[in-house]
Number of protein chains: 2
Amino acid sequence: MATIDETHDAALRSWVASANGHADFPIQNLPLGVFSRAGEAARGGIAIGEMILDLAALAASGLLAGDALEAARAASGETLNPLLALGAGPRRALRRRVSALLTEGAAERAQVEPLLVARAEATLHLPARIADYTDFYVGIHHATNIGKLFRPDNPLLPNYKHVPIGYHGRASTVRASGAPVIRPNGQTKAPDAQAPAFGPIARLDYELELGVWMAQGNRLGQPIPIGEALDHVAGLSLLNDWSARDVQAWEYQPLGPFLAKNFLTTVSPWIVTMEALAPFRIPQPPRPEGDPQPLPYLWNEADQREGALSLDLEVGLSTAKMREEGLAARRLSQGPASNMYWTIAQMVTHHASNGCEMNPGDLLGTGTISGPEDGSQGSLMEITRAGREAVTLPTGETRTFLQDGDELMLSGRFVAAGAVSIGFGPCTGVVQAAPALA
Amino acid sequence: MATIDETHDAALRSWVASANGHADFPIQNLPLGVFSRAGEAARGGIAIGEMILDLAALAASGLLAGDALEAARAASGETLNPLLALGAGPRRALRRRVSALLTEGAAERAQVEPLLVARAEATLHLPARIADYTDFYVGIHHATNIGKLFRPDNPLLPNYKHVPIGYHGRASTVRASGAPVIRPNGQTKAPDAQAPAFGPIARLDYELELGVWMAQGNRLGQPIPIGEALDHVAGLSLLNDWSARDVQAWEYQPLGPFLAKNFLTTVSPWIVTMEALAPFRIPQPPRPEGDPQPLPYLWNEADQREGALSLDLEVGLSTAKMREEGLAARRLSQGPASNMYWTIAQMVTHHASNGCEMNPGDLLGTGTISGPEDGSQGSLMEITRAGREAVTLPTGETRTFLQDGDELMLSGRFVAAGAVSIGFGPCTGVVQAAPALA
């Protein structure tokens with residue numbers, strides 16, 4: 001069961017003033033990331049309000065001992081893979097010690113204060129070297145919405161409610177929030193065209209997903225039982241699975257999406273740890289009457305009791321013109337993360353059920369998380385009915401898909417009674433024009 | 001154009017006696033790999049006959065200078081990624097110098113001899129840390145054969161002759177030849193079954209492919225023009241894309257194969273370099289009358305003139321009983337690698353055409369290479385018509401798919417008039433029983 005301890009106390013305040021009341025990074029969060037300052041090597045850090053606690057400096061400070069010290073040392077390099085490999089014990093020890101050090105009235109404040117870096121002065125990097133990236137498809141309303149566009153009478157395929165459907169993505173093109181979204185060139189064929197053509201893609205879309213960061217892995221050939229699956233998960237971030245819908249439609253049969261997806265995937269750069277989100281775990285919504293029971297390898301009572309998340313997700317769009325005119329982003333959707341048909345534990349266990357080797361720093365996407373109703377759909381493909389119904393923006397501009405200059409923003413907020421809300425920080429990207437053809 | 005130089009001279013002989021007349025590793029080959037001896041760190045090596053030239057030791061020997069020294073130093077660690085990143089120049093300089101050092105009558109023989117390790121005493125590893133693995137589908141007869149099983153009247157999908165179809169695979173489960181093939185457990189559903197079940201998969205198959213090892217990469221957002229594509233390729237190996245056909249049939253819609261493929265991929269551990277295979281490059285077979293011309297980004301005259309390979313591929317099977325009885329492996333298929341509808345350059349250029357970042361050590365599979373006629377098909381799925389027509393073995397045993405204890409062997413042999421033939425060395429695996437269910 002998820003452990004609630006003193007680090008989650010809603011009354012806890014930090015001597016880092018910007019942390020108190022911070023929408024994403026109050027002292028109850030303490031997410032893990034990798035940052036650098038100009039001219040310095042990248043190293044691990046913990047976000048606290050508008051500051052970052054330098055974990056390499058903390059490891060060298062003499063303020064830590066035991067598991068917490070081991071964890072901080074493992075987080076002192078340019079990726080968090082060594083820390084992720086340690087699993088939950090040292091990660092939690094570090095969290096508890098850092099929480100104490102940052103709490104209002106901490107005796108060590110004078111020693112810790114010099115270890116803080118202003119986030120505004122830091123560049124944030126991917127938190128880990130991603131060895132393998134897999135994208136799932138657990139948003140059942142998204143699968144239904146997309147399926148309806150192709151198969152109105154039979155939107156969900158027969159395997160959907162039995163198999164946590166997933167496929168491999170491209171690890172080399174995952175980037176931290178803020179990376180430019182270079183519109184790809186691609187081969188497309190309009191349904192009524194005689195032949196395909198190659199050039200800048202027209203149907204650039206986003207997908208609202210969660211990213212799951214793997215902690216310690218398994219050995220090749222050894223599955224991960226569902227009861228142990230979350231021991232292999234370090235935490236979560238937001239994930240935008242940018243998509244070229246026109247490429248996807250032409251290329252995806254019979255082996256699945258390829259160049260339609262692998263030009264960029266953006267993640268929020270902070271890992272909100274499993275420890276931090278413990279207060280926000282809720283029961284997995286019961287399956288609708290008549291749906292099949294998952295096979296035993298995917299079923300665990302404890303996972304059903306607290307395998308979902310009390311997490312509100314939101315997407316905003318702002319065009320270049322909107323930013324020029326000082327207008328706020330237009331909200332495209334809002335909805336709960338509980339719209340996932342499969343839990344994170346089920347994703348992990350299914351992935352390793354054939355003995356597939358998982359490694360620390362591996363990234364799993366959940367697939368697009370959409371709600372069943374308008375206003376809660378996690379992609380433009382759904383919102384605009386495949387481009388048939390444009391969205392109107394405050395400037396009078398309209399969008400069916402993303403245009404050059406558009407900025408797309410994902411955000412998420414964990415909410416629970418009696419708990420201080422936490423978030424991921426930004427997951428954004430601005431679309432740039434496609435490279436000129438040779 | 002592929003460069004022929006003194007290293008390809010058919011008259012060249014080595015003072016390493018086992019190299020002369022060696023089926024795979026005569027002095028004209030000099031493939032790159034990574035090996036270790038008991039208790040020692042892994043490092044790069046070059047195969048010569050039954051020996052391996054230790055590149056870390058060679059780099060320290062004082063026998064090299066300039067580009068060749070840079071290349072050997074880059075090959076001194078436990079992966080060849082740094083060497084692959086250097087591209088063709090240093091790789092070729094190392095080849096020419098090593099060829100001279102190993103040639104019969106070389107003055108340096110006494111200095112080089114201590115740098116040789118018997119292959120029998122070495123463990124071979126993957127030649128590179130594979131950041132991303134992509135599998136293509138360029139074997140048109142395989143695509144047709146498989147398509148016929150599902151769509152007798154329309155076996156090839158409309159995109160096939162326009163798009164080099166590919167999809168992402170799992171990098172973490174690629175292994176060097178000899179790794180055990182642990183039969184996976186998996187979720188399957190027979191067409192007439194009421195519900196799916198989970199357990200040891202029944203339809204274990206292999207796929208005969210080539211592996212393409214990437215040299216220097218490209219930056220995110222920057223495509224690789226087709227005229228430069230092969231500058232980004234270091235060389236080739238054999239690749240076996242082990243497949244669970246029963247899992248594949250149930251899981252692959254709509255996002256493609258996942259657990260059906262990612263439990264293991266086996267490669268022959270030596271990279272036969274682009275330099276070594278220069279004498280074996282042949283014109284890409286012309287497309288059949290009526291087939292579409294590739295789009296301009298995929299078309300290059302030089303690539304068409306020498307983008308295919310004069311390479312014979314073969315698959316052998318031996319059961320545990322056959323090995324007990326001392327029987328030779330049964331040949332399952334034999335055929336030319338020219339049965340590829342798209343060239344390697346077209347695969348690379350298409351992959352990067354949307355700006356997808358490629359990195360040194362990335363692995364591309366060609367997809368199964370089958371011929372059009374019986375006896376040349378690169379998977380049991382094709383040979384047995386999806387399990388309907390069993391293969392009979394010399395022991396009287398029959399096979400539709402692989403059984404525990406079966407050993408599957410891929411081999412390849414480059415052949416050209418006036419050139420000494422070269423090969424890859426073995427690419428094998430023995431099937432083990434599935435892990436017990438929890």
Self-check item: Largest heavy-atom contact set with chain A, pairs under 4.5 Å, which of B:Pro158, B:Ala143, B:Pro296
Solution: B:Pro158
Quiz item: Counting heavy-atom pairs under 4.5 Å to chain A, which of B:Glu251, B:Lys261, B:His350 comes out on top?
Solution: B:His350
Exercise. Inspect the surroundings of CD in A:Gln253 and state if more than 12 heavy atoms from other residues, nucleotides or ligands are less than 6.0 Å away.
Key: yes
Quiz item: Looking at A:Asp132, A:Leu220, A:Ile130, which makes the most heavy-atom pairs under 4.5 Å with chain B?
Solution: A:Asp132
Quiz item: Side chains of B:Trp242 and B:Leu402: does their closest heavy-atom pair fall under 4.5 Å?
Solution: yes
Exercise. May I ask you to name which of B:Tyr137, B:Tyr133, B:Tyr252 has the most heavy-atom pairs under 4.5 Å with chain A?
Key: B:Tyr137
Quiz item: Picking from B:Ser353, B:Gly355, B:Gly217, which has the most non-hydrogen pairs under 4.5 angstrom with chain A?
Solution: B:Ser353
Quiz item: chain B: which of A:Leu295, A:Leu264, A:Val247, A:Ile182 shares the most heavy-atom pairs with it under 4.5 Å?
Solution: A:Leu295
Quiz item: What part of A:Phe198 is in contact with chain B, defined as an atom under 4.5 angstrom from a non-hydrogen atom: side chain, backbone, both or neither?
Solution: both
Exercise. Identify which part of A:Arg175 has an atom lying under 4.5 Å from any heavy atom of chain B, answering side chain, backbone, both or neither.
Key: side chain
Quiz prompt | Largest heavy-atom contact set with chain A, pairs under 4.5 Å, which of B:Pro184, B:Ala352, B:Cys356, B:Gly147 | solution = B:Cys356
Quiz item: What residues of residues 164-174 of chain A sit under 4.5 Å from chain B when you count only heavy atoms?
Solution: A:Ile165, A:Gly166, A:Tyr167, A:His168, A:Gly169, A:Arg170, A:Ala171, A:Ser172, A:Thr173
Quiz item: Non-hydrogen atoms of chain B under 4.5 Å away: do they reach the side chain of A:Pro254, the backbone, both or neither?
Solution: both
Practice problem: Tell me, for A:Leu255 versus chain B, whether the close heavy atoms (under 4.5 Å) come from the side chain, the backbone, both or neither. | Solution: both
Quiz item: Contact part of A:Leu157 toward chain B, heavy-atom cut-off under 4.5 Å: side chain, backbone, both or neither?
Solution: side chain
Quiz item: Can you name the residues of residues 357-364 of chain B that have some heavy atom under 4.5 Å away from a heavy atom in chain A?
Solution: B:Glu357, B:Met358, B:Asn359, B:Asp362
Quiz item: Are any of the side-chain heavy atoms of A:Arg183 and A:Val431 separated by less than 4.5 Å?
Solution: yes
Quiz prompt | Ring centers of B:Trp250, A:His162 separated by less than 6.0 Å | solution = yes
Quiz prompt | Under 4.5 Å from any heavy atom of chain B - which part of A:Ala244 | solution = neither
Self-check item: Aromatic ring pairing B:Tyr160/B:Tyr341, orientation class (parallel under 30°, perpendicular over 60°, tilted between)
Solution: tilted
Quiz item: Hey, does B:Asp135 have a side-chain heavy atom less than 4.5 Å from the side chain of B:Glu209?
Solution: yes
Exercise. Quick one: pull up CG in B:Asp205 and CD in B:Glu207 and give me the separation to the nearest 0.5 Å.
Key: 6.5 Å
Quiz item: Does CD belonging to A:Gln216 count more than 12 external heavy atoms closer than 6.0 Å?
Solution: yes
